[in-house]
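Just below is one structure, and these are the notes that go with it.
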2 protein chains.
Amino acid sequence: MRRLAQELDTGAASLYVYVANTAELHAAILEDLLGTVDLKLAKAEGDWQDRLIALLDSYTTVLFQNPALARSALIARPSGPNYLALVEAILALLHEGGMPNGQAALALDVLLQVATATAAEQSARDENESAAEEELSALVETLHSVDASSYPRIAAVGDDLFSGTPEERLGWAFHAIINGALATPRVSEH
Amino acid sequence: MRRLAQELDTGAASLYVYVANTAELHAAILEDLLGTVDLKLAKAEGDWQDRLIALLDSYTTVLFQNPALARSALIARPSGPNYLALVEAILALLHEGGMPNGQAALALDVLLQVATATAAEQSARDENESAAEEELSALVETLHSVDASSYPRIAAVGDDLFSGTPEERLGWAFHAIINGALATPRVSEH
DNA sequence: ACCTGAACACCGTTCAAGT
DNA sequence: ACCTGAACACCGTTCAAGT
């Protein structure tokens, strides 16, 4: 609030004429930013699943550009036209892939959540790079030096826990969620 | 920091002898809290998949108990023995279900991320209940009154976007991710 | 080695007073 | 209706000085 007010050469109090609180401000900025998501990716050629993943990648990239926003997007979702257009595009692709509505509604949530959370995670690292590197190397060290008799599965999986680029890992996650959503009926057996 | 210091009848500065910053403090508290996750659920009777979901539910419940912590857990993961034990238990169940190591490593990430993000989302709502209710009803209203010709898929899916309890929705997400992870090889075709 | 008070540099939000 | 300054009630972190 104070930073934005300064940018606008006014006092922070003045902003409260236009916005109720910081959460609302964040949601408004995000809604605006969502205008830069490339919706044309949904209508390109190729497999519906690949187009959906391209669209989700575009959404993730947009969030990556604004660290603090990604974090608040996890909590306060926007509801403007740009957000609706993104939701519509995702639902349309899931429909094209033959996913029943009930499952598509849930898949939408999980896909956006994973994309948003990944951006939030990564952007936090950007803000404090040295600390993040230290923490990661500490975790890698811990997991490597882990006692194979106490933690046999961690030892067995080993390097796989960290292998692959973030992009590959996120791409796999999208694929897995889409595949799983297709195969998982909504009224399950328990 | 200041609140914890007050609780301990000391100044905030004193805490920096034991902890480098707030992120480290949060990670330490979370690591401690993870000791209350019920790992016995992994060794109970029944389907490995149901046991895995019970374990993930237990993890989610623990995070629900501490709102602020869930949010920071998305960014700074702990690396203590309780965290390792949880990771080991999840990997063991995925192994029991016949999931290859490479896929299990990625599935672990996605499952914990979804659980953590869900707790973070929900806990933020707890902190400002009235604002959250308003926001949700505004979103429901928006999605209901949406122009069916501009957003046909949103209109078609309709109530499914909000149906089901949070528990059911999260349970479905876990199921879908596990199913998808089993069916999605790591080196994909693109 | 551990603790302290005080200070620095920030936040979001409210409110009476102005135009 | 919109804007302002000032204040309130917070933060995390640092640092010189104490024990």
Side-chain angles (χ1 to χ4, degrees), chain A residues 1-33 63 65-80 116 119-136 138, chain B residues 1-33 63 65-80 116 119-136 138:
Chain A
M1 286 296 193
R2 289 180 116 105
R3 255 173 301 153
L4 175 61
Q6 202 176 2
E7 210 82 23
L8 298 171
D9 273 316
T10 180
S14 308
L15 302 178
Y16 287 81
V17 177
Y18 305 97
V19 118
N21 49 48
T22 342
E24 208 172 292
L25 174 64
H26 282 156
I29 298 173
L30 177 59
E31 163 61 22
D32 194 66
L33 213 57
L63 282 186
Q65 280 155 26
N66 200 321
L69 223 56
R71 246 163 301 160
S72 72
L74 268 171
I75 286 147
R77 305 222 171 148
S79 58
T116 310
E121 258 178 82
Q122 186 55 40
S123 59
R125 280 189 246 288
D126 291 351
E127 278 182 8
N128 194 343
E129 214 166 321
S130 60
E133 273 171 37
E134 249 179 65
E135 201 207 290
L136 180 63
Chain B
M1 286 294 192
R2 288 179 116 104
R3 256 173 301 151
L4 175 61
Q6 203 176 0
E7 209 81 24
L8 299 171
D9 274 316
T10 180
S14 308
L15 302 178
Y16 287 82
V17 178
Y18 306 98
V19 118
N21 50 47
T22 343
E24 207 174 294
L25 174 65
H26 282 157
I29 299 174
L30 178 58
E31 162 62 22
D32 194 66
L33 213 57
L63 282 186
Q65 281 155 25
N66 200 322
L69 223 56
R71 247 164 301 160
S72 70
L74 268 171
I75 287 147
R77 306 223 171 145
S79 59
T116 311
E121 258 178 82
Q122 185 55 39
S123 58
R125 280 188 246 288
D126 290 352
E127 277 182 6
N128 193 344
E129 213 166 321
S130 61
E133 273 170 38
E134 250 179 65
E135 201 208 289
L136 179 64

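The side chain to side chain contact (heavy atoms under 4.5 Å, CB included) with B:Leu4 is formed by just one residue from the set B:Val19, B:Thr22, B:Leu25; it is B:Leu25.
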Check your understanding: Dot-bracket for DNA chain D, 5' to 3', with Watson-Crick and G-U pairs under 3.5 Å, [ ] for crossing pairs and | for other-strand pairs: what is it?
Key -> ||.|||||...|||||.||
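Nearest heavy-atom pair, B:Leu15 versus B:Met1, reported as atom, atom and distance to 0.1 Å: CD1-O, 3.3 Å. When every heavy atom of A:Leu30 is checked against every heavy atom of A:Pro78, the shortest pair comes out as CD2-CD, 3.7 Å.
Proximity of B:Tyr18 to the phosphate of C:dC2: no side-chain N or O atom is located under 4.0 Å from OP1 or OP2.
Within the 4.5 Å cutoff, the side chain of A:Leu33 has no heavy atoms near those of the A:Leu63 side chain. Between A:Leu74 and B:Arg71, the closest side-chain pair of non-hydrogen atoms is not below 4.5 Å.
Note that the CD atom of B:Glu24 and the OH atom of B:Tyr16 stand 11.0 Å from one another [nearest 0.5 Å]. The CZ atom of A:Arg77 sits 6.0 Å away from the OG1 atom of A:Thr116 when rounded to the nearest 0.5 Å.
Comparing the C1' positions of D:dC10 and C:dA9 gives an interatomic distance of 13 Å, to the nearest angstrom.
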Study note, to complete from the structure: Nucleotide by nucleotide, nucleotides 6-19 of chain D touches protein heavy atoms under 4.0 Å in the pattern (B base, S sugar-phosphate only, - none) -B---BBBBB----
